[in-house]
Amino acid sequence: NLERYPASPFPANRPVRFLYLGRLMTEKGVRELFEAAQRLHAEGFDFRLDLVGFFEDISQTEVEHLQNLGIVHFHGFQQDPLPWYVAADCVVLPSWHEGMANTNLECAAMGRPIITSNIPGCKEAVLEGKSGLQLNNIFPCNLSFKVESGNCRSGFIVSFLDQDTFFIDSQFLERKDICQIGEESL
């Protein structure tokens, strides 16, 4: 629904702000996401990972532990995902399997880059290297490598490592082009 999820201005977050929006469960790749976030945090990368959703087989204790370490920010279930997409630099969904991931469709419509699994139900909303990145294997090292390699900044999607940003330099298009690509592919 492009009227409900319109392309929105890109935020100027510092540090880069990642969003996971969905059920907190193993099959959504949440444990791999946590491991990747822990690795990035341990290596000194400055980022924010917002978790929006409700608990399934991931425990509240596990999330609270990561929150206390400053690795994640848990916001619980939210009725309206729109403000979370608007605030995010990049949406992450490293799921093991999906029907059709609404999260990816909604954030693509809003012009937000996506890091997601290269599986049916996830990959359809991403043009690899243009509107996001697809993971061929959902392993924490693969996910954290993709995160280290990226940037979700306004203007250009540029290098994440030392500049606090998210994708890979010259391969990526300007943000307005990402919005257009997302809209056209939907």
Side-chain angles (χ1 to χ4, degrees), residues 1 4-5 8 11 13 15-43 45-110 112-126 131-150 152 160 166 182:
N1 183 340
R4 171 76 176 111
Y5 299 99
S8 65
N13 293 321
V16 66
R17 191 168 180 178
F18 294 97
L19 171 66
Y20 170 86
L21 191 145
R23 294 174 290 160
L24 296 171
M25 60 187 295
T26 302
E27 291 181 1
K28 296 283 187 186
V30 171
R31 284 212 161 72
E32 290 80 3
L33 178 60
F34 289 171
E35 289 178 46
Q38 288 172 310
R39 178 178 167 204
L40 292 171
H41 181 77
E43 292 176 10
F45 290 98
D46 193 15
F47 66 96
R48 178 182 174 110
L49 174 57
D50 289 310
L51 304 175
V52 175
F54 57 89
F55 296 104
E56 287 225 357
D57 63 358
I58 302 294
S59 75
Q60 183 173 348
T61 304
E62 184 177 357
V63 172
E64 286 173 350
H65 173 72
L66 293 172
Q67 187 163 267
N68 291 337
L69 294 173
I71 295 171
V72 303
H73 300 269
F74 178 66
H75 305 283
F77 173 77
Q78 301 293 316
Q79 190 67 37
D80 184 9
L82 189 64
W84 297 98
Y85 293 138
V86 169
D89 292 301
C90 182
V91 176
V92 182
L93 181 62
S95 188
W96 296 2
H97 57 84
E98 286 292 324
M100 179 53 75
N102 286 338
T103 300
N104 288 355
L105 296 173
E106 292 162 357
C107 72
M110 295 187 71
R112 293 301 183 264
I114 308 162
I115 298 176
T116 195
S117 304
N118 185 12
I119 60 167
C122 287
K123 65 183 180 180
E124 291 79 5
V126 177
S131 64
L133 296 169
Q134 297 174 5
L135 302 169
N136 289 318
N137 297 304
I138 331 170
F139 297 114
C141 58
N142 189 356
L143 180 58
S144 65
F145 173 75
K146 292 285 189 179
V147 172
E148 287 172 22
S149 300
C152 296
F160 173 91
F166 163 77

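Hydrogens, waters and symmetry mates are skipped; everything else that's a heavy atom, side chains included, is used. Predicted, not measured: the structure shown is a model, and the values here were computed from it. Starting from 1, each residue takes its place in the sequence as its number.
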Practice prompt. Report yes if the distance between the aromatic ring centroids of Tyr20 and Phe34 is under 6.0 Å, otherwise no.
Written response: no
Please name the pair of heavy atoms, one in [X] and one in [Y], separated by the smallest distance, quoted to 0.1 Å.
X	Y	result
Ile119	Glu98	CD1-N, 3.9 Å
Cys122	Ser117	CB-O, 3.2 Å
Arg112	Ser8	NH2-OG, 3.1 Å
Ile114	Ala125	CD1-O, 4.0 Å

Item to complete: Please assess Asp89 against Phe47 for the test side chain to side chain contact (heavy atoms under 4.5 Å, CB included), listing each intermediate value before the final yes or no.
Response: CA-CA 10 Å; Asp89 292 301; Phe47 66 96; over 6 Å; no
May I ask you to decide if [Y]'s main-chain N or O and [X]'s side chain share a donor-acceptor pair within less than 3.5 Å?
X	Y	value
Glu106	Tyr5	no
Arg23	Gly53	no
Glu43	Leu40	no
Thr116	Lys123	no
Arg17	Asp50	no
Asp57	Thr26	yes

Between [atom1] of [X] and [atom2] of [Y], what distance do you get to the nearest 0.5 Å?
X	Y	atom1	atom2	value
Glu27	Ile58	CD	CD1	10.5 Å
Met110	Leu82	CE	CG	4.5 Å
Trp96	Arg31	CH2	CZ	9.0 Å
His41	Asp46	NE2	CG	10.0 Å

Item to complete: Measure up the Trp84 and His75 rings against each other and bin them: parallel (under 30°), tilted (30 to 60°), perpendicular (over 60°).
Response: tilted
Worksheet item: In terms of the angle between their ring planes, are Phe74 and Phe55 parallel, tilted or perpendicular, with boundaries placed at 30° and 60°?
Response: tilted
Discussion item. Side chain to side chain contact (heavy atoms under 4.5 Å, CB included), that's the test. Do Ile115 and Cys90 meet it? Break it down for me.
Written reply: CA-CA 7 Å; Ile115 298 176; Cys90 182; 3.9 Å; yes
Fill in: Verdict with reasoning, Leu33 to Leu49, per side chain to side chain contact (heavy atoms under 4.5 Å, CB included)
CA-CA 10 Å; Leu33 178 60; Leu49 174 57; 4.0 Å; yes
Discussion item. Whether Arg4 and Asp80 form a salt bridge (side-chain N of Lys/Arg under 4.0 Å from carboxylate O of Asp/Glu) is what I want to check.
Written reply: yes
Item to complete: With the side chain counted from C-beta on, respond yes when Val63 and Leu66 share a heavy-atom pair under 4.5 Å apart, and no when they do not.
Response: no
Discussion item. Just to verify, what does His65 make a ring pair (Phe, Tyr, Trp, His ring centres under 6.0 Å) with, not counting sequence neighbours?
Written reply: none
Worksheet item: Could you go step by step and tell me if Ser59 and Glu64 meet the side chain to side chain contact (heavy atoms under 4.5 Å, CB included) rule?
Response: CA-CA 9 Å; Ser59 75; Glu64 286 173 350; over 6 Å; no
